[in-house]
Every structure is written in C-alpha cells, then in structure tokens.
Amino acid sequence: MMIALVDCNNFYVSCERVFNPKLQDKPVVVLSNNDGCVVARSQEIKALGIGMGTPLFKIQSLIDRHKIQIFSSNYTLYGDMSSRVMETLKHFSPKVEVYSIDEAFLDLSQLVHLDLTDYCQQIRNTVRQWTGIPISIGVSQTKTLAKLANKMAKDSETGVFILLESEIEQFLKETIVEDVWGIGRGFAKTLRINGIQTAWQLRNASDGLIKQELGVVGLRIVLELRGMVCLPLQLHQPTKKSLMVSRSFSRPVESLTELREAIALYTSRAGEKLRRQKLAASAVRVFAATSRFVENPVSDSVRVSLPVTTNDTGELLHYALIGTEAIYREGLAYKKAGVMMLRLVDEHIQQLHLWDERDRERYQHLMVMVDGINQQMGSGTLRYSLVKHAPSWLARCEKRSPYYTTRWDELPIVRAGYSVLYLD
DNA sequence: TCTGGGGTCCTAGGACCC
DNA sequence: TCTGGGGTCCTAGGACCC
C-alpha cells in the first residue's frame, strides 16, 4: 500500500485568508465556538510560542503588542472550503477517505510507477489553485506512518514527504512515542514506564506487552508502524451515531431555571441538526459539570430513553427537561454525598417494591439511570437503576428540593450540554 | 474574572437468563 | 440454599482524535 495523508495547513486561518488576502503574513488566530480559546494559529502565531488551546485571556498582552488578528470560528465557511478541497483531491485518486474537516487519506497504491514526489506536488498546486488552501502531504505504507510523514512534510520546504521503507528505521528512531498517531498522554505514560520512548522501540515492542498495556488499539498502532495495514481506508462515511450541543457558561450557573433555559436552547439546536441530517433520536443525554480546573472536578450525565424515535424539538425537550431535573436534583449531588446516596437508594428500593409490574412495563421508556450510584457502594452488591414514573417523581423532587439546593451551592455548573443518540 | 466543542472506539463488569 | 459456568446485552468510563 501507498497511502498519502493530505493535511490543510492552519486550516481555519487559511480559510479566513482566502477571503481576506490582507491577512497574509499577519499573525492570525481563530477562536473556539465560545471565543474561549485558540483553535487555529497562523505560522506567525506558532512562532510566538502560543500553543493550541491557549485561553484567550492568557495572550491578551501579546495580542496588543503584535497586533494579532482574531476571528470567531465560522464553521459554515470552513465546511464549505473543506468540501471544495476534498472534491479536488478526488481528481487524484479514486480512493479518498475524508478523515476530518482538514484531512484526507488517499490511496496511491496504483500509482507507484509514477514519481510520487512529482505527483504530490501536482496535488498541492492544484488544490492551491482551485481553492486557495495550502496543504502538506505525507506518504508511506500505512495511515500511521503517513501521519508521521506528514509531520515531516509540514516542516519541509516542499510540503511533501515520502517515507520510503529503507528510511523507516532511522526515521522512527528519531521520533518520540508522543508523536505517533493514537498515542496520547495516557498511553505515552504507560509506554515510558515500560521503557519505551521512541517510535522505533514501540515498533519493536512485544505484541504481548502492548496488548496487555494498551489493548488492541495499541497493538494496531504497533502493527501499522511495522508496515501492516490495520486501519484500512474508509471510503464511505459511516452514518453518525450521536450528535452533541454543549457550551461552557461564562459564569457558574446555580439555579435550575438557568440550567433549564440552557438545555432548552441546546435541545432546539440539536433538533435542528437532527432534522437537517434527516435523523431521529432514540435517546437523549443531558450532562452538567463543574469547572475542570478546580481540585475535585465533578461531572455527571443522565440518559433518557425515548418511547419512539423522534426529531421533534418539543418531544425532545420534554425528555431533556426530565434529564435536567435528574441532573440538578440528583446526579451531581449523589457523587458528592455518599451517605445521603445510601439513604436515597434505600428510599427508592421501597418505592420499587410498591409498584406493580404493570406500571413498570408501562413506564419503562421513562427509565432514568442516575449515573454513579454504584461508585461508593463498595462491593457492587447493591446496584439499582432508579425506575421512575416521571410525574410522581418530579413531584417528589419538588418536595425534596430545599435539601438538594443546599448541597447544590457547593457545585456550581460551568458547563452543560445535551446530546442525542440515535443508535436504533 | 476569563480555560472549546464535537466526535469515535474499546473494555470491564453488572444484569439477567439458562 | 449454595455454587457455578456460559452466554448475551448493556452501560460507564477511559482512551484517543481533530
């Protein structure tokens, strides 16, 4: 196999520059959805040492000093530019996998009789001409190796790097494990504990060790480094399995009213997305979290199964609000207060016994799982799903609310979201 | 004060049944 | 009543990615 990874350089910034040529050679950043942090950086920004994901407030002084141009992200524009790039690439190989908004894998196996360097230059020039977007291309035997080759391409003058079999050993010896695709912080730490620091050491590690420490995911990476294709090109995009709408709040949210408003807004967004993509949901999930940057961050989610699949906002909202109540009244509080949890579980068990079977059947679709119930139970002998009849359950929540809101003061929500699953 | 949003895949372990 | 194996299904949580 010969696989090319095409990667658009500083993609969002490049898109902005296409429509505003004055930005050429100027320092430019594009911010995340909420304008919270940097998600795309021009070369000039990288040279200033501003990292990916840096929060905006931390670079305020640099912005003034270097006259940095700042943009909120415009995903409609980027998506459109992305399609143009991908369409162009399809002229160069019949087998193209659109991997992300700014990356694609191309199968070049049929073209090995050509000068691949030349061919890749041709691709670069055409994409540049037709779309205005600069790209880099790395080529090798597998996706994982092509990813590494692409890193080299980015650093080279020509923007193209072909990693030949004869050069792989030297190349991998000079590559640290962190730079291998699929090796994140957690895996890298595990590998280093086992004395594996370079990509070459990883390639030569024993299958048994890797399987045990990193599972099949890790093993696939190792085999790919050895030149064996374990991650074949996916030529048709599989249908999505879930979609999510979430935001961080600019300040902590402590009232149920505010939380409900946020969730209602996210739900209608999710409904729009569903209808646009002609999909329907079979379950919804609501989640809330405290700041990730405090000492003991807490997050929790509640999943509500729907009686029928739907993409009607009103319908979704009904169940989303049930989930919101659950999160607010119980979800986070459960994890916080173990003793209280035990008491509540006890209460709920008695409730369950009072129900007759018919009720349970009838309301099964309203089953609300409260995550984390098992967390502090120790042996796991007591694990219960709280099966509830929504109206009476909500009434009970109302009665208990003073107790919970007291607990709640300790747990300001700074992030909330809503996701829709359509597995069935 | 302010720290993104949106995804996928894998696994361990519990529930439930025979 | 206790013990246990085999199998399936489901979920939470952890890992990764852009």
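Proteins come first, then strands; the chains are lettered A, B, ... in the order of their sequence lines, and each starts at number 1. Side chains are part of it too, since the values below use all heavy atoms of this structure and drop only hydrogens, waters and symmetry mates.
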When the nearest nucleotide of DNA chain B is assigned to A:K211 and to A:V245 on a heavy-atom basis, which residue is associated with the more 5' position? A:V245
A:Q237 atom CD is separated from B:dT8 atom P, nearest whole Å, by 11 Å
Is the closest side-chain donor-acceptor distance between A:N34 and A:S32 under 3.5 Å? no
Kindly point out which of B:dG6, C:dC18, B:dT3 is positioned nearest to the side chain of A:D102? C:dC18
Taking only side-chain N and O atoms of A:K58, does any of them lie within less than 4.0 angstrom of OP1 or OP2 on B:dC2? no
Whole angstroms only, please: what is the CD1-P distance between A:I59 and B:dT3? 14 Å
Near A:R226 CZ, under 6.0 Å, is it more than 12 heavy atoms from other residues, nucleotides or ligands? yes
Rounded to whole Å, CE of A:M52 lies from C1' of B:dG5 at a distance of 11 Å
Is the phosphate of C:dC18 approached by A:K147 (side-chain N or O, under 4.0 Å from OP1 or OP2)? yes
Would A:F105 and A:W181 count as a close aromatic pair, with their ring centres under 6.0 Å? yes
Atom-pair distance (CD1 on A:I50; P on B:dG4), nearest Å: 17 Å
Taking for each residue the nucleotide of DNA chain B bearing the nearest heavy atom, is the 5' side occupied by A:S32 or by A:V217? A:S32
Is the phosphate of C:dT11, meaning OP1 or OP2, less than 4.0 Å from a side-chain N or O of A:R285? no
When you check the phosphate oxygens OP1 and OP2 of B:dG4, does a side-chain N or O of A:S248 lie under 4.0 Å from one of them? yes
Choose from B:dT8, B:dG5, B:dT3 the nucleotide whose nearest atom is closest to any side-chain atom of A:C37. B:dT3
Give me the ring orientation class for A:W130 and A:H91: parallel if the planes are under 30° apart, tilted from 30 to 60°, perpendicular past 60°. perpendicular
Would you say A:S246 reaches B:dG4's phosphate, i.e. side-chain N/O to OP1/OP2 under 4.0 Å? no
Under 4.0 angstrom, heavy atoms only, what part of the nucleic acid is A:E103 near: base, sugar-phosphate, or nothing? sugar-phosphate
Report the distance from atom OG1 of A:T324 to atom CG of A:L256, rounding to the nearest 0.5 Å. 7.5 Å
Please determine, for the side chain of A:R292, which listed nucleotide (B:dG4, C:dC18, B:dT3) has the closest atom? B:dG4
Given the P atoms of C:dC18 and B:dT3, what is the spacing between them in whole Å? 24 Å
For atom NZ of A:K189, decide whether the heavy atoms of other residues, nucleotides or ligands shown that lie under 6.0 angstrom number more than 12. no
Rounded to whole Å, please give me the gap between CZ in A:R247 and P in B:dC2. 18 Å
Below the 4.0 Å mark, does B:dT8 have OP1 or OP2 next to a side-chain nitrogen or oxygen of A:K240? no
Rounded to whole Å, the NZ-P distance (A:K273 to B:dG6) equals 5 Å
Nucleotide paired to B:dC9 in any strand shown, Watson-Crick or G-U, under 3.5 Å: C:dG14
Please state how far atom CZ in A:F187 lies from atom C1' in C:dC17, giving the value in whole angstrom units. 12 Å
The test is side chain to side chain donor-acceptor pair (under 3.5 Å); show your working for A:D107 and A:S109 and say whether it passes. CA-CA 6 Å; A:D107 185 352; A:S109 303; 2.6 Å; yes
Grab the CG-C1' distance between A:L31 and C:dC18 for me, whole Å please. 17 Å
Quick note, A:R220 side chain, CB onward, closest among B:dT3, B:dC9, C:dC18 is B:dC9
Are OP1 or OP2 of C:dG14 and a side-chain N or O of A:R185 less than 4.0 angstrom apart? no
Could you check whether A:L214 gets within reach of a base, just the sugar-phosphate, or nothing at all, counting any heavy atom under 4.0 Å? nothing
Stacking here means centres under 5.5 Å and planes under 30°; does A:W181 stack on C:dC17? no
Please determine, for the side chain of A:Y99, which listed nucleotide (B:dG6, C:dC17, B:dT3) has the closest atom? C:dC17
Of all the choices, B:dC9, B:dG4, B:dG7, which nucleotide is nearest to the side chain of A:K241 once you look at every atom? B:dC9
